[in-house]
There are 2 protein chains.
Amino acid sequence: MVAADSGTAVRNTRQRSAVSALLGEVEGFHSAQDLHAMLRSRGERVGLTTVYRTLQGLADAGEIDVMRPPGGEHLYRRCSEGHHHHLVCRACGRTVEVEGPAVESWADRVANKHGFSDVSHTLEIFGTCPECARR
Amino acid sequence: MVAADSGTAVRNTRQRSAVSALLGEVEGFHSAQDLHAMLRSRGERVGLTTVYRTLQGLADAGEIDVMRPPGGEHLYRRCSEGHHHHLVCRACGRTVEVEGPAVESWADRVANKHGFSDVSHTLEIFGTCPECARR
DNA sequence: GCGTTTTTGACAATCATTCTCATTGTCGCG
DNA sequence: CGCGACAATGAGAATGATTGTCAAAAACGC
């Protein structure tokens, strides 16, 4: 687990490229099954298992973001350069991206104060959007 | 959903009391199955289904916190008066509770700016604790 | 007490994710 | 250029937490 990946050669395969490319084209978050369906509908022949594995690998490598909404499915998205969070409507699912530089540094500061290294964090804000609140 | 619960009488049962009492005694987060096992080992006769239902009800009522770690199991804890977040070690799972008043107000402010109401949020910080980093 | 209504709980069902393992595709090296 | 080692693939089974089902039991109002 902590082993420095000396010989861990990551091979370049058609499937891996397909997943990676797809993530580069789509907007927002999508579930693994979602992405798998998209690949199939565009003619790519990729197994669901492989999609899961590839996404896991990309997530471990820090190349994509993972969000775990209460709904149950994990959602993946290409990691944008700017780290930001989400404001999600509880009723309609509408998502607004928000940034909080202060939060970033606060999280790092707190983690370091406790001696933690290699820090990351997840932050989701839930609420009812204006449209849904009106009803 | 908005219906005034005119006749919705919540009944007081042995099982509900048991779960509630247990949550009042234990420290930290525990999974539903965990809590169920504790109840059984102390002689309480409660079904797993009922534990799940009760926890859901308590969570809906805002009386307990729910955390969804990457591991998969939902963890429940009696809601403390002060809202705070968690710093979790990726390797050993050690958890440190942290507070961030600034984050709370920032989240509310951002949500309100977008017209969202009834706001809540979740924030988890992940990292490697000093012990695990040493190895 | 009595009837009504909620609650319970054993078990089946669901469903995303992970595991298994034989097969296939890559890539380094001679 | 061809070989061999070994990672990667993928179909299906397995896992495992959570939710649904529904008949029987328990609570509560009167």
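Convention: sequence-line order gives letters A, B, ...; per-chain numbering from 1.
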Do A:Val26 and A:Tyr76 have side-chain heavy atoms sitting under 4.5 Å apart?
-> no
Per the under-4.0 Å heavy-atom filter, residues of residues 30-47 of chain A near DNA chain D come out as A:Arg45, A:Val46, A:Gly47
Could you tell me the separation between the CG atom of B:Leu22 and the CD atom of B:Glu44, rounded to the nearest 0.5 Å?
-> 9.0 Å
Does C:dT8 have OP1 or OP2 sitting under 4.0 Å from an N or O in the side chain of B:Thr49?
-> no
Does a side-chain heavy-atom distance below 4.5 Å link B:Val51 with B:Val46?
-> yes
To the nearest 0.5 Å, atom CG of B:Asp108 lies from atom OG of B:Ser120 at 9.5 Å
B:Gln56 has an atom CD; how far is it from atom P of C:dT7, in whole Å?
-> 13 Å
In whole Å, what is the span from the CG atom of B:Leu48 to the P atom of D:dT19?
-> 11 Å
Nearest-Å distance, CZ (B:Arg53) to P (C:dG9)?
-> 8 Å
Establish whether B:Leu48 and B:Met38 are linked, either directly or via other cluster members, by ILVMFWY side-chain heavy-atom contacts under 4.5 Å.
-> no
Residues in contact with DNA chain D, drawn from residues 11-20 of chain B - heavy-atom cutoff 4.0 Å | B:Arg11, B:Asn12
Scanning both residues in full, the closest heavy-atom pair of A:Thr122 with B:Phe126 reads OG1-CE1, 4.1 Å
End-to-end bend of the helix from C:dG1-D:dC30 to C:dG30-D:dC1 (five-pair axes, 10° rounding)?
-> 40°
B:Glu25 atom CD: more than 12 heavy-atom contacts under 6.0 Å | yes
Exactly one candidate in B:His36, B:His74, B:Gln33 meets side chain to side chain donor-acceptor pair (under 3.5 Å) with B:Tyr52; the answer is B:Gln33
Pairwise distance CD(B:Glu131) to SG(B:Cys89) - rounded to 0.5 angstrom | 9.0 Å
With the side chain counted from C-beta on, respond yes when A:His121 and A:Glu104 share a heavy-atom pair under 4.5 Å apart, and no when they do not.
-> yes
Could you tell me the separation between the CD atom of A:Glu73 and the C1' atom of C:dT14, rounded to a whole number of Å?
-> 13 Å
Nearest 0.5 Å, what's the CG-CG distance between B:Leu23 and B:Leu55?
-> 6.0 Å
C:dA16 phosphate, OP1 or OP2, under 4.0 Å from A:His74 side-chain N/O | no
Quick one: is B:Tyr52 getting a side-chain N or O under 4.0 Å of the D:dT18 phosphate, OP1 or OP2?
-> yes
